[in-house]
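Written below as C-alpha cells is the structure these notes are about.
The figures here come from the full heavy-atom set of this structure, side chains too, leaving out hydrogens, waters and symmetry mates. Here is how names work: the chains are called A, B, and so on, in the same order as the sequence lines, proteins then strands, and each is numbered from 1.
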2 protein chains.
Amino acid sequence: MTITIKDLALVAGVSYSTVSKALNDSSLVKPETKDRIIKIAKEMGYEPNYAAQRLVSKESKVIGLIWPTLERVAPSVLVTKINEEISKSSYSMILSVNPLQTSLEMFKRFQVDGVIIFNEYLNDMPATSPLPCLTYGVKKDTPFPVIDVNYQGAMNDAVTYLYELGHRDIAFIGDLTTDDERQIEKAAGFKKAMKNFGIYQEDHILDTKGLGWYDGYMATVRLINSPYRPTAIISASYDISAGLIRALRQENYMIPNDISVLSYDNIPQMANMEIPLTSVGAPVEEIAQAMVQTLTRYIKDPDSVPAVQTLTPVITERSSCAAIGTPTEK
Amino acid sequence: MTITIKDLALVAGVSYSTVSKALNDSSLVKPETKDRIIKIAKEMGYEPNYAAQRLVSKESKVIGLIWPTLERVAPSVLVTKINEEISKSSYSMILSVNPLQTSLEMFKRFQVDGVIIFNEYLNDMPATSPLPCLTYGVKKDTPFPVIDVNYQGAMNDAVTYLYELGHRDIAFIGDLTTDDERQIEKAAGFKKAMKNFGIYQEDHILDTKGLGWYDGYMATVRLINSPYRPTAIISASYDISAGLIRALRQENYMIPNDISVLSYDNIPQMANMEIPLTSVGAPVEEIAQAMVQTLTRYIKDPDSVPAVQTLTPVITERSSCAAIGTPTEK
DNA sequence: ATTTGTAATAACAACGTTGTTATTTGTTGT
DNA sequence: ACAACAAATAACAACGTTGTTATTACAAAT
C-alpha cells in the first residue's frame, strides 16, 4: 500500500492539510513542524500522487515533443538538447513517435502543458490546438509561436567567410526537392549571397534530392564525376556533410588543402567527423534554450511571446576551411 | 471551461453516475439512455479527465519506453514497431530519453503500467523496481522477464546458409569491444558454427570497434587493404552493413557476384539498401509483438510470464547472397 | 390488491491532493 | 484579567471520475 499525506498526518500528529502545506513549503506552517513532517515523509518514503495533484492543480509540468525524423543526426541532437533544457526547468519531457494528430490527442489526455512541433509537420498542422504549441522552422501561418533561424543570413555568413579566405568558386550542396522551407531558405540564401559577390553560377548548386547522408554521398560522387571543381563547398546539413566528406575522402581529396568544406548545423558533433568541420548556424544549445524558454513563457501567458523569433547564426571555426593557396593548413 | 460528466448529466437529465456507466458501456443502464448519453457526449465534445480516471482506477494504460541509442537504425525501427504494437492494444507509449534512473522516476510519477528497458542499460539496472519492467537482450540476473533472441542460432543459420551456397571462406564483421552481450553472442555463434563446419580461422573475425555505420565502413576498408579475401561476409547489424556495403561498392565489388553479404537484423529496411540485403534474425514485428504481449501479460499477472523468452531467428532472402561460382545472380 | 422481484437510475463515498475558511492557541497591550 | 490580534493548525470543500449501495418504478405472481 502506498503512503499518502494522511498517513504522514497520523504519524506526525497533525492534520493532513498541514502536511500538504509543509511539503509545499508553505509559510503558513511553523518551520519546526515543517522540518519534522518533511523528515517523517522522507523516512516513510512518501511519494506524492501525481494524478491527484494534477486533478486539483490543472498543471502537469510536462512538455510533449512530437519526434521528427528518426533517422537524422541533427534533429536527434536538438531533441536531446531540448530534453536537457527542459530538465533544467521544473518540467519534464515526454516523446511521442506517432503522427501529429494522434500525438496531439495523447498529449491532451495527459494534460501536458505544452507541445513542441517540428517544421516537418507544418502541413497537416491544425489551425487551432487545445494545447499551447511551439513550432520550430520557418514561419508559416500557424497561430503558434515559431522559433526560426536566419537561414539566409547563415548562408551569407558562410559565403562571406569563404570569400574572405579567397574562394571564388563555391558550391552549395543540399536538398532542393523538399518542401521543407528551411532547406529552401538555405539554398535561396546561398544564391543571394553569391550574387552579391558577383560569383554566382547555376551549376554551383548541387541537388542531393534528400537529407540523408547517403544522398549527400551520391550527390558528391556525381560532382566528382563532373568536370566542375569548386574550391569550397557549403553543405546544407550535418548528414549531407557526412556523405560529402565520405565521398571526398574516398577520392583522396584532402580537406581543407584540396577543398574547403563548411557545413550548416552548428552542433558539437561536427568536431567528431573525420575532419572537424567548420560549421554555421544557430548553436543547438541556443535553439533549445529559446524553444524551451519561449514555450514555458507562452504557457504562462500567451500574449507575452512574439509570434516569430529568429535566431542569429554564427560560424564555429574548426579545421575544414583554408585560405585559398594555403596548401599546409588553416 | 472543459466539459465533465456532470455537465452531460445535466443536459441528459440523469445523474452523473449514470453518465459514467453509460460511457463505460455498463450493462446497468438501459441501451436507449446509453445511446442518448453517448450522443450528447459526442455533441458536446466531452473528453474524460485522465487524471481523475487514474486517481480512482490506479491504471494509466500507458507503457513507458526508455530510448536506447539515438543514432542507430535497427533500434529505431524496433521502437517504431513497438509503438505500433502498443497502439493496437489499449495502451499508449511514451518515450523518455533520460538516463535509466531519471526515466524510471518519471515513469513512476506518471504511474505508467509498465516499462520497457533495453539491454544497453542492464548494467545499472536496479535489482528491484516499483514498476513492472521488461528487458530486451540477453538474460542476466534481472528479476524481470527478458525477451531474448537466439543470436548464436542466428549465426549458425547464417553460416549454414552460406556454406550450402558453397562458401567456405566466410568472414564476420561486428563489434567485439562492447560489453553488450548481444554482440558477444553473435560473434560466439559465428565462431562456433564455423568450427562446426571445420572452416574457422582467427582472422575471419573483423572488429569494427563500434556499432555505427562508419565503424563498419572503416573496418571494411581495413579488410580491403589486407590480403584476406573472403567470398562471403556476415555482418552483425544493419548499421555496420550500411558501412560495409558502402566500402565494398566504393572499391567496385559487385554484390553478390564478387562477394556475398548477409546481415543480422531482420528489418524491412534491409530491402532499401543499395543492394537489398539477405538478413537473419528474429523479425522486428515478432520481437515487438513478443515484447508488448509479454509486458501486458506481466502487468496483469507477474507469475503468468516466463523469465526468459528466446525468439527463433529466420533468414529473409533478398539478393545479396549467391552460390559460389555463380557470376550472374542468385 | 398486495407482495415480491427486478430493471433502471440516483445518491454517495472514495481516490489523494490543494486552497480556502474556520478554529484553536498564544502573545501583546491595557 | 481580558480584549484584540496574530500565528499555527484543523476542517472541509473542491477536482472529475468509478464502484457500491440506496432508492424508485414497474412488472409479474400470489
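Axis deviation across the helix from C/dA1-D/dT30 to C/dT30-D/dA1 amounts to 70°, comparing end segments of five pairs, rounded to 10 degrees.
A/V29 comes within contact range of the sugar-phosphate backbone alone, with a heavy-atom separation under 4.0 Å but no base atom that close. Nucleic acid contact for B/S57: none, since no nucleic acid atom lies under 4.0 Å from a heavy atom of the residue. Using a 4.0 Å heavy-atom cutoff across all strands shown, B/K58 reaches sugar-phosphate atoms only and no base atom. Residue contacts shown for B/S17 include a base, since a base heavy atom lies under 4.0 Å away. Residue B/E47 is in sugar-phosphate contact alone, with no base atom involved, counting any heavy-atom pair closer than 4.0 Å across all strands shown. Using a 4.0 Å heavy-atom criterion, one finds that B/V56 contacts the bases of the nucleic acid, with or without backbone contacts as well.
Taking only side-chain nitrogens and oxygens, B/Y46 comes nearer than 4.0 Å to OP1 or OP2 of D/dT17. Contact check, B/S20 against D/dT18: a side-chain N or O comes under 4.0 Å of OP1 or OP2. Between A/T18 and the phosphate of D/dA10, there is a side-chain N or O to OP1/OP2 separation shorter than 4.0 Å. The phosphate of C/dT9 has OP1 or OP2 within less than 4.0 Å of a side-chain N or O from B/T33. Between C/dA10 and B/S15, a contact under 4.0 Å exists linking OP1 or OP2 to a side-chain N or O. Considering only side-chain N and O atoms, A/N24 lies under 4.0 angstrom from the phosphate OP1 or OP2 of C/dT18. A/Q53 has no side-chain polar atom (N or O) that falls below the 4.0 Å cut-off from OP1 or OP2 of C/dG16.
In this structure, B/D7 atom CG and D/dG16 atom P are separated by 9 Å, rounded to whole Å. Remark: C1' of D/dA7 and NZ of A/K34 are 13 Å apart, rounded to the nearest angstrom. Rounded to an integer number of Å, the gap from NZ of A/K21 to C1' of C/dT18 is 8 Å. In this structure, A/E32 places its CD atom 15 Å from P of D/dA7, rounding to the nearest Å. Distance OH (B/Y16) to P (C/dA10): 12 Å, rounded to an integer number of Å. Note: OH (B/Y50) to C1' (D/dT18) measures 15 Å, nearest angstrom. The interatomic distance linking B/I5 (CD1) with C/dT9 (C1') rounds to 14 Å, in whole Å. Distance CG (A/L28) to C1' (D/dA11): 15 Å, rounded to an integer number of Å.
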Could you please spell out the steps behind the side-chain hydrogen bond (donor to acceptor under 3.5 Å, both in side chains) verdict for A/T310 and A/N150? CA-CA 6 Å; A/T310 306; A/N150 186 352; over 6 Å; no
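Judged by distance alone, the side chain of B/N49 and the main-chain N or O of B/T4 form no donor-acceptor pair under 3.5 Å. Under the 3.5 Å distance criterion, the side-chain polar atoms of A/N98 are left unmatched by any main-chain donor or acceptor of A/S103. Side-chain atoms of A/S304 come within 3.5 Å of backbone atoms of A/D301 as a donor-acceptor pair (strictly under, hydrogens ignored). Looking only at distances, no side-chain donor or acceptor of B/T135 sits under 3.5 Å from a matching main-chain atom of B/F118.
Between B/E47 and A/K108 there is a salt bridge, since at least one side-chain N of the basic residue sits less than 4.0 Å from a carboxylate O of the acidic one.
With D/dT9, C/dA8, C/dT18 as the candidates, the nucleotide lying closest to the side chain of A/K30 is D/dT9.
One cannot find a donor-acceptor pair under 3.5 Å joining the base of C/dT17 and the side-chain atoms of A/K6.
Counting heavy atoms of neighbouring residues, nucleotides and ligands inside a 6.0 Å radius, atom CD of B/E43 exceeds 12 of them.
When side chains are defined from C-beta on, A/L295 counts as touching A/I63, because their heavy atoms get closer than 4.5 Å.
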